[in-house]
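Note on naming: letters A, B, ... go to the chains in the order of the sequence lines (proteins, then strands), and numbering restarts at 1 for each one. It should be emphasised that the depicted structure is a prediction, and the values quoted were computed from it without experimental measurement. Just the heavy atoms: all of them, side chains too, but no hydrogens, waters or symmetry mates, feed the values below.
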2 protein chains.
Amino acid sequence: MSTSKNINILTEELRNNSTATILFHQAIAAKLGINSTDHKCLDVIMKNQPLTAGQLATLTGLTTGAVTGVLDRLEKVGYIFREQDPEDKRRVNICMNQENAEKNIIPLFSSFAAEMNQLLSNYDDKELEFIIEFIRQCNRVLKKFTEKR
Amino acid sequence: MSTSKNINILTEELRNNSTATILFHQAIAAKLGINSTDHKCLDVIMKNQPLTAGQLATLTGLTTGAVTGVLDRLEKVGYIFREQDPEDKRRVNICMNQENAEKNIIPLFSSFAAEMNQLLSNYDDKELEFIIEFIRQCNRVLKKFTEKR
DNA sequence: ACATTTTATCTCACGAGATAAGATAAATAT
DNA sequence: ATATTTATCTTATCTCGTGAGATAAAATGT
């Protein structure tokens with residue numbers, strides 16, 4: 001079906017993609033004035049909001065002690081705030097500080113998002129669906145080898 | 001050309017891919033019994049072998065002091081060894097310990113590589129070239145926003 | 001040939017941040 | 001009511017990165 005030459009080229013480009021992705025995330029964190037653990041957590045918070053400190057620990061694999069530190073720092077720079085859960089006073093709900101998030105984070109991503117959007121809009125629906133399926137398969141393989149113990 | 005629906009789906013999947021990639025690399029490092037900085041360095045060493053300690057510092061952006069620590073740890077677990085450059089005795093050449101590398105690292109990646117290979121071999125050359133071009137464009141955008149200051 | 005400067009790596013003190021164990025306080029179970 | 005479990009925080013300790021400076025070798029100038 002395919003030549004091994006193209007498989008090798010693509011493998012190499014996917015490897016480059018890994019590196020580029022990791023460096024991109026470090027750069028974003030640096031621009032936000034936070035470390036990359038905090039950035040990762042902020043990302044998890046944005047996606048799973050609202051959530052508790054313990055849930056964040058589970059989702060990130062950090063200890064609860066480390067999460068306390070992460071929240072202290074993110075709260076200090078104003079990206080999130082803590083709120084005691086009225087239902088269960090032991091629990092601490094993590095809330096995004098929307099104002100600050102929109103003022104600092106969104107502009108940072110918006111030009112990147114715009115560029116990605118432009119890139120993607122060069123493709124028609126059939127092509128996009130093809131790429132979506134490819135990326136999904138890659139994600140499945142990555143996850144399989146991340147979870148495997 | 002395309003619907004924004006598919007663009008949004010793909011954007012989401014690419015985001016998931018970022019997360020999966022970062023977690024995958026952490027998992028690999030954990031399985032190798034090293035931290036992720038050391039893993040990153042090992043990766044750079046594998047790709048650029050042979051190289052000196054100073055070159056590794058430049059390529060990774062670490063200080064020379066940090067590189068000393070990285071090499072101490074990688075040497076201790078037997079993935080690399082130092083060799084004084086006979087031409088210039090100040091220089092320290094970094095060499096992979098092939099035996100150990102092959103025994104520990106390659107098997108770890110080989111099942112992953114096999115799975116990726118199988119995935120990719122489902123595509124024909126035309127499709128592979130299409131994906132290669134897509135990934136290259138993504139890499140360009142990522143790099144652009146990493147470097148931009 | 002000798003002194004100076006540059007280059008390459010290592011050492012050390014310090015700080016950030018992660019872990020593990022345990023403290024605290026609230027909810028749940030007996 | 002008391003004991004147990006659950007959720008978060010605190011503290012001591014460890015790892016690792018930085019920055020400044022030490023050390024030693026090579027390159028350069030006189």
Side-chain angles (χ1 to χ4, degrees), chain A residues 22-23 25-45 48-77 79-95, chain B residues 22-23 25-45 48-77 79-95:
Chain A
I22 290 167
L23 293 178
H25 279 266
Q26 283 176 354
I28 290 287
K31 285 176 197 171
L32 286 173
I34 58 182
N35 69 46
S36 37
T37 301
D38 292 359
H39 179 221
K40 181 172 105 182
C41 289
L42 194 55
D43 208 57
V44 172
I45 293 166
N48 300 85
Q49 201 187 7
L51 78 170
T52 68
Q55 288 175 312
L56 182 60
T58 308
L59 289 169
T60 56
L62 292 169
T63 60
T64 60
V67 164
T68 299
V70 169
L71 296 181
D72 287 348
R73 291 187 296 272
L74 288 179
E75 199 165 32
K76 199 165 154 190
V77 292
Y79 292 135
I80 60 120
F81 58 92
R82 286 171 164 101
E83 202 171 56
Q84 195 186 51
D85 189 322
E87 304 273 294
D88 181 342
K89 288 178 189 165
R90 293 166 307 174
R91 276 208 275 259
V92 166
N93 288 318
I94 304 166
C95 311
Chain B
I22 290 167
L23 293 178
H25 280 266
Q26 283 177 354
I28 290 286
K31 283 176 196 170
L32 286 173
I34 58 184
N35 69 46
S36 36
T37 301
D38 293 358
H39 178 222
K40 181 172 106 184
C41 289
L42 194 55
D43 207 57
V44 172
I45 293 166
N48 300 84
Q49 202 187 7
L51 78 171
T52 67
Q55 289 175 313
L56 181 60
T58 307
L59 288 169
T60 56
L62 292 170
T63 60
T64 60
V67 163
T68 300
V70 169
L71 295 181
D72 287 348
R73 291 188 296 272
L74 288 178
E75 199 165 32
K76 199 166 153 191
V77 293
Y79 292 136
I80 61 121
F81 58 93
R82 286 170 165 102
E83 203 170 56
Q84 195 187 49
D85 189 323
E87 304 271 296
D88 181 341
K89 288 178 189 166
R90 292 167 306 174
R91 276 208 276 260
V92 166
N93 289 317
I94 306 166
C95 312

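- The C1' atoms of five pairs define one axis at each end of the helix from dA1(C)-dT30(D) to dT30(C)-dA1(D), and these two axes lie 0° apart (to 10°).
- Of the residues near DNA chain C, Lys89(A) and Gly69(A), the one whose nearest nucleotide (by heavy atom distance) lies more toward the 5' end is Gly69(A).
- The residues Arg82(B) and Asp72(B) are annotated as salt-bridged, a charged nitrogen and a carboxylate oxygen being separated by less than 4.0 angstrom.
- Rounded to a whole Å, the CD1 atom of Ile80(A) is 12 Å from the P atom of dT8(D).
- Remark: Arg90(A) pairs with Asp88(A) by the side chain to side chain donor-acceptor pair (under 3.5 Å) rule, at least two apart or across chains.
- Rounded to whole Å, atom P of dA18(C) lies 11 Å from atom CG of Leu56(A).
- Within the nucleic acid shown, Asn35(B) comes within 4.0 Å of sugar-phosphate atoms alone, with no base atom in reach, counting heavy atoms only.
- For the atom pair Ile34(B) CD1 and His39(B) NE2, the distance stands at 6.0 Å (nearest 0.5 Å).
- When the C1' atom of dA20(C) is taken as reference, atom CG of Leu62(A) falls 14 Å away, rounded to whole Å.
- Remark on DNA chain C: of its neighbouring residues Thr63(A) and Pro86(A), the 5'-side contact belongs to Thr63(A), judged by nearest-heavy-atom nucleotide.
- Atom CG of Asp72(A) is separated from atom C1' of dT8(D) by 11 Å (rounded to the nearest Å).
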- [ ] For each nucleotide in nucleotides 3-9 of chain C, reading 5' to 3', give B when a protein heavy atom comes within less than 4.0 Å of its base, S when such contact involves only the sugar-phosphate, and - otherwise.
- [x] ----BSB
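- Using a 4.5 Å cut-off on side-chain heavy atoms (C-beta onward), Val92(A) and Asp85(A) make no contact.
- We find that CD of Gln84(A) is positioned 11 Å from P of dT8(D), with the value rounded to whole Å.
- Between dG17(C) and Thr37(A), no contact under 4.0 Å exists linking OP1 or OP2 to a side-chain N or O.
- Distance CG (Leu71(B)) to P (dC10(C)): 7 Å, rounded to an integer number of Å.
- Without hydrogens or angle criteria, Asn48(A) side chain to Leu51(A) main chain gives no donor-acceptor distance under 3.5 Å.
- Thr63(A) places a side-chain N or O within donor-acceptor distance of the main-chain N or O of Ala66(A), the cut-off being under 3.5 Å.
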